[in-house]
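What follows is a set of notes on a single structure, which appears directly below.
Throughout, protein chains are lettered first and strands after them, A, B, ... in sequence-line order, and every chain is numbered starting at 1. FYI, side chains are in, hydrogens and waters are out, and symmetry mates aren't considered; it's all heavy atoms of this structure.
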Protein chains: 2
Amino acid sequence: MITNKNCIIRLSRYKNALYRLQALGFVKVFSDNLADAVSGTASQVRKDFSIFGISGNKKGGYQIDSLLEKLNSILGKDQLQKVIVVGAGHIGSALMRYRGFEKEGIKIVAGFDIDPAKINRSSFVPVLPLDEAKAFIKTHSIRIAILAVPDIAAQQATDIICASGIKGILNFAPLGLKGTEGCIINNVNLEIELENLIYFVNVTEKTR
Amino acid sequence: MITNKNCIIRLSRYKNALYRLQALGFVKVFSDNLADAVSGTASQVRKDFSIFGISGNKKGGYQIDSLLEKLNSILGKDQLQKVIVVGAGHIGSALMRYRGFEKEGIKIVAGFDIDPAKINRSSFVPVLPLDEAKAFIKTHSIRIAILAVPDIAAQQATDIICASGIKGILNFAPLGLKGTEGCIINNVNLEIELENLIYFVNVTEKTR
DNA sequence: ATCATATTGTTCCATTTTTCACAATAACAA
DNA sequence: TTGTTATTGTGAAAAATGGAACAATATGAT
Ligand SMILES: NC(=O)c1ccc[n+]([C@@H]2O[C@H](COP(=O)([O-])OP(=O)(O)OC[C@H]3O[C@@H](n4cnc5c(N)ncnc54)[C@H](O)[C@@H]3O)[C@@H](O)[C@H]2O)c1
Ligand SMILES: NC(=O)c1ccc[n+]([C@@H]2O[C@H](COP(=O)([O-])OP(=O)(O)OC[C@H]3O[C@@H](n4cnc5c(N)ncnc54)[C@H](O)[C@@H]3O)[C@@H](O)[C@H]2O)c1
């Protein structure tokens, strides 16, 4: 099994680059075109493809449309992915209003909050009381949740949604969560992203 | 020079864990405590420290306060980091309202936008016209920017702030930017983060 | 039909990153 | 004081990742 997260991220980048090339009218692509488009190397492009059994044509490159089909299938983009947001505060509502996920086949179908003032059943993405999350997750077979509650509530909210059947969580709270067995947690830690950037800015500044 | 991004991210995690331990009253810590706290291994903790010349006491572990001092110095946290936000839309204003960066010594000092309706010089974090960005960056010696403008405007905005002296950009637009020489760009691509999560949820589901 | 060429697919090699293992040694106990 | 023990610091081994090289081969030219 592939455990290399970077490899999957590259597949996403290839996919995005292919859509751009397709929009420009290209029909086929070579490994080095793709490499350029994602700032990688041609051998890595070919190796990534070969890992997933994707093959092109000697001297002919890859057919963009069929390549996209294969990548999309690997990335689970051949079906609409329904996602919920838990915590309809600043970050949560920014995400719910964002339309960019849709073109990626990702649809935020509902938000959940404990604050009654945040509830709004008639908005474009309805915001429902947290009590209803369990039933909603089960009824709509939701597997992915975005967690955007205050730090202090993050573990508790995780426990609830894991117990309700959520299989993957994208967590914005800057702390390590413990999910149940069988629930994957990916963290988006903006504090750490900034710290990291600051570190590298500092060292490149010093070493020149 | 250290180029290992993950290593620096681990330093941030150690630092955060140390503050938690300190708040619980701990004064010293062993490598395996820290490993537990960040879900890592004890040897990696010690190796990470040794890379930066951080040493503890045989049989005595590490003194939390002096360890924190050293980590904070490495991570540039011994001085306030001033950051600007370019694009005061959904994501940008969520970030400007967020108070969590302050405890990390990161201060968002201004936002910039081209839309006159977004300008507000008297808000807690003032939002200024983009025209003023160059002068502001120079006057206040800003080195770090968060980029939260629409995709279509991202490259242009990058060009402007790079030319004004920005050295590091945290980019939320889901596309690859070209910075000038000497400007580091880190991407937060939420589409790809979600795609990645979905991929790993799918494969763990299939292989069980 | 044959040859030259361009590009893939894969093997092999280099580098990076992580883990293991253990000598060195400080703290503590007897 | 002497011995025992716990824990660091690091060198060596292993694993993972990335890149270079090249044989295989389809395509197109002559
Ligand atoms: N806003 C940012 O820019 C930003 C940046 C980095 C990290 N974060 C992190 O993202 C998380 C959310 O931040 P925010 O600024 O959106 O916070 P926020 O306070 O604006 O919103 C949190 C929302 O969660 C709701 N909530 C509280 N407990 C809940 C529970 N148990 N279940 C469901 N909903 C609950 C609240 O009612 C509120 O609407 C925090 O962990 C924060 O540290 C935010
Ligand atoms: N909102 C989200 O949840 C979300 C999620 C993922 C990615 N993103 C990305 O983040 C970026 C911002 O998204 P958003 O939802 O906040 O958009 P938004 O439209 O709400 O806000 C963008 C802001 O940028 C301003 N702007 C436009 N051109 C500008 C320029 N040249 N200089 C300065 N300001 C300019 C606009 O006036 C607007 O206020 C986009 O690239 C988007 O793809 C957003």
In whole angstroms, how far is the C1' atom of C:dT16 from the NZ atom of B:K5?
17 Å
Pairs flagged by salt bridge (charged side-chain N to carboxylate O under 4.0 Å, His left out) wherever residues 173-194 of chain B is involved - sequence neighbours left out:
A:K5-B:E193, A:K103-B:E191
Under 4.0 Å between any heavy atoms, over every strand shown, what does B:D32 touch: base, sugar-phosphate, or nothing? Just pick one.
nothing
Could you tell me whether the side chain of A:F52 reaches within less than 4.5 Å of the side chain of A:L11, counting heavy atoms only?
yes
Does the side chain of A:D159 come under 3.5 Å of the side chain of A:Q155 through a donor N or O and an acceptor N or O?
yes
Return no unless some side-chain N or O of B:Q44 is found under 4.0 Å from OP1 or OP2 of C:dT17.
no
Between the side chains of A:D48 and A:Y14, is a donor N or O closer than 3.5 angstrom to an acceptor N or O?
yes
Those residues that, when tested against B:N72, pass side-chain hydrogen bond (donor to acceptor under 3.5 Å, both in side chains) (two or more places apart):
B:Y19
Counting N and O atoms only, with roles assigned by atom type, does the side chain of A:S93 sit under 3.5 Å from a partner on the main chain of A:G89, one being a donor and the other an acceptor?
yes
ring-ring contact (aromatic ring centres under 6.0 Å, His included) partners of A:F172, counting only residues at least two apart:
none
B:R143 and A:V201 have their tightest heavy-atom pair at NH1-CG1, 3.6 Å
Anything under 30° is parallel, anything over 60° is perpendicular, the rest tilted; go ahead and classify A:Y98 against A:F101.
perpendicular
Just to be sure I understand the geometry, which residues of residues 64-73 of chain A put a non-hydrogen atom under 4.0 Å away from DNA chain D?
none
When all nucleic acid strands are considered with a 4.0 Å heavy-atom cut-off, which category describes B:Y62: base, sugar-phosphate, or nothing?
sugar-phosphate
Length of the CG-P vector between A:D48 and C:dG9, whole Å
13 Å
Please check: side-chain N/O of B:S50 versus main-chain N/O of B:G53, any donor-acceptor pairing under 3.5 Å?
no
Produce a footprint string for nucleotides 20-29 of chain C: one letter per nucleotide, 5' end first; B if the base is under 4.0 Å from any protein heavy atom, S if only the sugar-phosphate is, - if neither.
BB--BBBB--
Range on DNA chain D touched by chain A - first to last nucleotide, heavy-atom distance under 4.0 Å
D:dT17 to D:dT27
To the nearest 0.5 Å, how far apart are CG in A:L170 and CD1 in A:I184?
12.0 Å
Whole angstrom is fine here: how far is it from CD1 in B:I9 over to C1' in C:dT17?
14 Å
Considering every strand and a 4.0 Å limit on heavy-atom distances, what is the contact class for A:T3: base, sugar-phosphate, or nothing?
nothing
Output the rounded distance in Å from CG (A:N4) to C1' (C:dT18).
14 Å
Please report the distance, rounded to the nearest Å, between CD in A:Q63 and P in C:dT7.
15 Å
